[in-house]
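Reading through the structure tokens given below for one structure.
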Amino acid sequence: MGDFLMPSLGADMDHGKLVEWLVKPGDYVRRGDLVAVVDTDKTIMDVESFQEGVVADLLVGVGETVPVGTPLARITQTPAETGPPAHEAPGRAAGKAAFSKTAAPNAVAPKAPETAAPKEAGIIAPPVRHLAHRLGVDTAQIHGTGKGGAITRADVEHALAAGPGNRIRSSPRARRLAAELGVELATITGTGPQGAVTEADVHRAAVGKAEALVPEIRAPVPPALPNGTPEEPVKPSEARERVASLRRAIGALMSRSKKTIPHYYLSTTLDLRAAVDWMQSANDQRPVAARLVPSALLLKATALAAREVPEVNGFYGDGGFRPSTSVHLGVAVALRQGGLVAPAIHDADTLPVEVLMEQLRDLVSRARAGRLQRAEMADPTITVTNLGDLGVESVYGVIYPPQVAMVGFGRVMEQPWAQDGMLGVRHAVIATLSADHRVSDGLRGGRFLARIEELLQKPEEL
Amino acid sequence: MNEQEARMAVNAAIGKVAPDVDMADVGEDSRLRQDLELDSLDFLRLVETIDTDTGVNIPERDYPAVATVKGLIAYLAAHG
């Protein structure tokens with residue numbers, strides 16, 4: 001049995017408001033199914049389940065505001081367990097009662113877990129903290145039943161017995177990194193052995209967190225309501241503060257990337273004659289709504305090439321590189337007010353180019369409307385930045401940790417092209433690769449870019 | 001469609017695609033990509049919006065003619 005917790009969706013988020021339940025008691029949910037819609041005051045986000053099972057109980061009602069880490073729903077692993085446990089340890093029961101109290105917006109909550117530093121979670125004696133650490137129990141998730149709310153040895157043991165909902169397996173390095181990046185371990189889905197939270201998971205969560213801030217920037221364009229209540233429109237000073245905190249989050253992540261990832265850079269000019277000719281004749285046959293843009297072809301070719309050159313597709317974390325068998329292609333989307341998000345098109349290598357185009361348009365419009373799913377922000381295995389639309393000839397991106405490669409496309413332009421002793425004019429684009437030298441060398445990186453070009457010579461097969 | 005109607009249709013379409021752009025500040029010589037910072041997806045949505053709202057389907061080969069606000073208005077006035 002486990003709890004579905006209020007996740008942390010932004011650096012400054014210490015509470016969230018439940019605006020919609022997408023499930024009801026008795027529903028079966030798989031990992032990744034959307035469970036609830038959460039409003040962090042500034043942005044609304046769909047949140048998915050981190051576990052599989054049956055929704056036993058919704059603990060928080062629509063409209064309630066609760067601290068990060070508060071259980072929102074109870075999920076049991078099998079239908080047989082849906083009933084309330086026949087016998088509950090007194091300490092655990094007391095903990096639950098206290099949690100439901102915190103659901104009241106104005107209740108004095110036990111200190112909400114703000115960062116992964118467990119010592120801030122409550123009063124805890126060093127031997128008990130040591131025990132919790134050894135057992136891999138996150139003390140931030142425990143409500144103390146001892147004197148003055150202190151966490152006792154029994155509380156830790158109960159929490160351990162309560163199962164994966166409260167127990168977070170993680171390496172000390174992952175915990176340290178989480179503290180450094182200000183990510184709450186309890187909100188991270190572990191992908192390591194037995195669901196352990198790895199360094200790569202923490203990186204991914206940090207990226208999601210940085211990006212969770214982005215849609216907030218759109219908030220300053222509220223529906224114009226001259227008669228609206230004065231506190232409803234976002235004040236310019238708040239908008240500025242959000243832009244600044246987004247900038248800080250991006251800055252922290254990119255600094256870490258440049259400090260820890262030994263980037264190398266390659267560039268090549270891709271011949272797009274075949275791709276553009278094919279696209280133009282295809283578009284002539286299509287209604288406006290189904291037209292393709294060159295980006296769709298570039299993204300598809302990139303995804304296929306990434307599948308063939310696994311050294312650019314995956315995550316680098318504890319213990320080295322883990323290639324990904326799926327290609328979840330992150331697409332950097334510039335927001336009109338500034339800032340950027342890089343959500344994923346899942347399994348981009350398997351999508352027909354028309355479907356990829358639809359998903360690209362959908363993703364970009366949702367990114368700009370501030371309605372992305374958490375998984376879309378956390379899942380990219382390789383990212384593409386396509387600054388060319390705004391005019392530059394080439395772009396060398398900074399790798400998003402824990403990813404190991406970033407592909408950049410410049411502007412699609414006509415240029416003189418010499419081949420077989422003849423000079424002609426063709427459409428072309430400069431493709432760049434920023435890749436992680438701990439994982440690949442220029443030879444493999446060059447192979448990857450060459451594959452993109454080869455694939456683009458047969459656009460009808462993309 | 002006369003020029004005034006074309007101008008209104010263009011302003012409305014840009015307002016939908018790029019709600020942050022204040023059309024009062026946009027001169028007719030403004031370039032859609034460079035000055036209004038519409039990317040290729042925004043531009044496609046603009047063409048789609050105009051198609052839906054006015055019935056004028058701008059084929060890709062005519063994109064160079066509608067690269068500015070002025071060009072787009074003239075194109076609509078001529079084809080709508």
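These numbers come from a predicted model, not from an experiment. Every chain is numbered from 1, with letters handed out A, B, ... down the list of sequences.
- When the candidates V21(B), V47(B), T52(B) are compared by the number of heavy-atom contacts under 4.5 Å with chain A, V47(B) comes out ahead.
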Checking T268(A) against E453(A) for the side chain to side chain donor-acceptor pair (under 3.5 Å) test, could you report, in this order, the C-alpha distance in whole Å, the side-chain angles of both residues, the deciding distance, and whether it holds? CA-CA 9 Å; T268(A) 190; E453(A) 175 156 44; 4.9 Å; no
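- Among all heavy-atom pairs drawn from A342(A) and T383(A), the shortest one is CB-CG2, 4.0 Å.
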Might you work through the side-chain contact (heavy atoms from CB on, under 4.5 Å) test for R33(B) and S40(B), ending with a clear yes or no? CA-CA 8 Å; R33(B) 294 287 188 98; S40(B) 60; 4.1 Å; yes
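- Heavy atoms closer than 4.5 Å to chain A are found in both the backbone and the side chain of R45(B).
- Options N57(B), D42(B), D51(B), L44(B) differ in how many heavy-atom pairs under 4.5 Å they form with chain A, and the most are formed by L44(B).
- With contacts defined as side-chain heavy-atom distances shorter than 4.5 Å, the pair L363(A)/V333(A) does not qualify.
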